[in-house]
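Written below as structure tokens is the structure these notes are about.
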Amino acid sequence: MELSTVTMESKAIWLFAIIYSTLQHIGSFSSPLKRPRAGDPFDTFPKNFWQEFSSPFTDTPEDEELEITDTTTHEPFPFFADPYTTVNVSTQLGSNVFLHCRVNDLQGKTVSWMRRKGDDLALITFGRHTYSGDSRYSLEFEEPNDWKLLIQYANERDEGPYECQVSSHPPLVLLAYLTVIVPHVEILDERGSTTPEKYYKAGSTIELQCVISKIPQPSSYITWRHGTRMLNYDTSRGGISVKTDMLPGRALSRLYIANANRHDTGNYTCMLGNDITGTVIVHVLNGEEPAAMQHASASLMRPILSVVLFAVFAVMICRR
């Protein structure tokens with residue numbers, strides 16, 4: 001009976017010690033538990049008891065894999081500086097035009113320009129070298145990153161898609177579609193009528209109007225020529241005046257020649273640059289009928305003459 005009582009007391013003391021030590025561990029988690037002082041009622045506990053309780057409850061499975069951090073650094077990938085990969089470019093007939101291709105972080109890769117025709121690609125430039133047989137094409141690099149293709153004296157055959165390619169994996173492609181605008185030229189008289197030929201009486205004033213439409217960005221002045229002689233700055237004859245207005249998308253130029261004479265007869269050409277032209281033939285007459293009017297009169301007389309001849313022939317047959 002006494003042994004049973006001692007055992008129960010030992011278990012109670014043991015349980016109390018566990019609770020007490022747990023509370024101490026929670027209350028002072030940052031500092032390790034200390035061994036009891038001599039004479040302490042817990043001195044009778046096994047020596048390894050305090051070592052087990054003073055260790056944090058961080059059991060880690062032995063087979064748990066440690067997290068692996070990827071420290072590999074990748075080299076920068078080339079990219080286009082502009083936020084779009086398709087651009088539309090318009091230029092005027094006969095003008096010089098640049099197609100821009102701005103590439104960042106090129107990292108030794110190569111930039112090429114190609115011309116697409118259907119499913120075929122024709123190489124124009126590779127790096128800074130030009131491979132096109134057309135001397136109007138060339139590569140001009142502008143710091144820090146613009147690989148621009150220059151097309152000189154653009155014509156209608158240059159219209160279409162071009163590709164700027166970067167030799168990365170996968171390759172980067174920028175599509176540039178070039179539109180060549182061909183202006184429309186009309187030469188009108190003082191009444192706003194179009195005609196390939198115009199007739200004036202001697203002493204009158206020649207007045208011609210040149211209307212050029214479809215001009216995206218007028219880059220040159222309109223000039224007038226009489227044959228090969230430029231009239232805009234001609235002071236030798238006198239009485240010549242040119243007035244030109246550049247309007248949005250179009251241009252209007254008026255030519256006035258006072259006191260016209262027979263020396264003013266000839267071809268008059270309106271020009272914007274060297275490729276955009278329109279021509280009219282001017283006749284200055286000294287009172288005689290214009291040739292066109294004479295031709296018209298002759299044309300009217302032919303059916304009348306035929307009727308008269310037929311009538312005479314019929315009368316002659318009747319008399320017989």
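This one's a predicted model, so the numbers in the text were calculated from it and none came from an experiment.
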Is there a path from [X] to [Y] through hydrophobic residues (I, L, V, M, F, W, Y) whose side chains come within less than 4.5 Å of each other?
| X | Y | result |
| --- | --- | --- |
| Val87 | Phe80 | yes |
| Leu172 | Leu174 | yes |
| Leu252 | Leu231 | no |
| Tyr137 | Leu99 | yes |
| Leu106 | Val173 | no |

Can you list everything that forms a side chain to side chain donor-acceptor pair (under 3.5 Å) with Asn96? Sequence neighbours excluded, please.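 Once residues adjacent in sequence are excluded, Asn96 has no partner under the side chain to side chain donor-acceptor pair (under 3.5 Å) criterion.
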[X] side, atom [atom1]; [Y] side, atom [atom2] - distance, nearest 0.5 Å:
| X | Y | atom1 | atom2 | value |
| --- | --- | --- | --- | --- |
| Ser95 | Ile276 | OG | CD1 | 7.0 Å |
| Ser193 | Ile187 | OG | CD1 | 14.0 Å |
| Ser241 | Glu207 | OG | CD | 10.0 Å |
| Arg225 | Thr269 | CZ | OG1 | 8.5 Å |
| Leu123 | Gln165 | CG | CD | 9.5 Å |
| Asn259 | Thr205 | CG | OG1 | 7.5 Å |

Asn88 and Thr179: CA distance, side-chain angles, deciding distance, side chain to side chain contact (heavy atoms under 4.5 Å, CB included) verdict: CA-CA 8 Å; Asn88 294 312; Thr179 300; over 6 Å; no
[X] and [Y]: which non-hydrogen atoms are nearest, and at how many Å?
| X | Y | answer |
| --- | --- | --- |
| His226 | His263 | CE1-O, 3.4 Å |
| Thr277 | Met271 | CG2-CG, 3.7 Å |
| Thr130 | Ser138 | OG1-CA, 3.7 Å |
| Arg254 | Asp245 | NH1-OD2, 4.0 Å |
| Cys270 | Ile222 | SG-CG2, 3.6 Å |
| Met246 | Ala251 | SD-CB, 3.6 Å |

Donor-acceptor contact present, side-chain [X] to main-chain [Y], <3.5 Å:
| X | Y | value |
| --- | --- | --- |
| Thr125 | Trp113 | yes |
| Arg136 | Gln152 | yes |
| Glu163 | Leu175 | no |
| Glu197 | Ile281 | no |

Indicate yes or no: does Asp146 engage Lys148 in a salt bridge with an N to O separation below 4.0 Å. no
Only one of Thr244, Thr223, Asn232 passes side-chain hydrogen bond (donor to acceptor under 3.5 Å, both in side chains) with Ser253, and that residue is Thr244
Can Ile240 and Leu255 be said to form a side chain to side chain contact (heavy atoms under 4.5 Å, CB included), step by step? CA-CA 7 Å; Ile240 298 177; Leu255 171 66; 4.1 Å; yes
Find out whether the Lys NZ or Arg CZ of Arg128 is both under 6.0 angstrom from the six-membered ring centre of Trp147 and within 45° of the ring's axis. yes
Quick one: are [X] and [Y] in side-chain contact, heavy atoms under 4.5 Å?
| X | Y | answer |
| --- | --- | --- |
| His100 | Asp82 | no |
| Leu178 | Glu159 | no |
| Lys198 | Tyr268 | no |
| Leu149 | Arg115 | no |
| Val89 | Tyr162 | no |

Parallel, tilted or perpendicular, as decided by the 30° and 60° cut-offs, for the rings of Tyr131 and Phe126: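 Taking Tyr131 first and then Phe126, their aromatic rings stand perpendicular (interplane angle over 60°).
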Test Val282 against every option in Thr265, Ile257, Asp264, Ile206 by the side-chain contact (heavy atoms from CB on, under 4.5 Å) rule and name the one that passes. Ile206
Between Asp105 and Phe79, is a side chain to side chain contact (heavy atoms under 4.5 Å, CB included) present by the stated rule, with each step listed? CA-CA 7 Å; Asp105 291 335; Phe79 63 95; 3.4 Å; yes
Other residues, nucleotides and ligands only: do more than 12 of their heavy atoms fall within 6.0 Å of OH on Tyr153?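 It does not: Tyr153 OH has 12 such atoms or fewer within range.
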Side chain to side chain contact (heavy atoms under 4.5 Å, CB included), that's the test. Do Lys214 and Leu93 meet it? Break it down for me. CA-CA 10 Å; Lys214 298 183 181 179; Leu93 179 70; over 6 Å; no
Before giving the answer on side-chain hydrogen bond (donor to acceptor under 3.5 Å, both in side chains), spell out for Tyr200 and Asp189 the whole-Å C-alpha distance, their side-chain angles and the decisive distance to 0.1 Å. CA-CA 11 Å; Tyr200 293 93; Asp189 59 17; over 6 Å; no
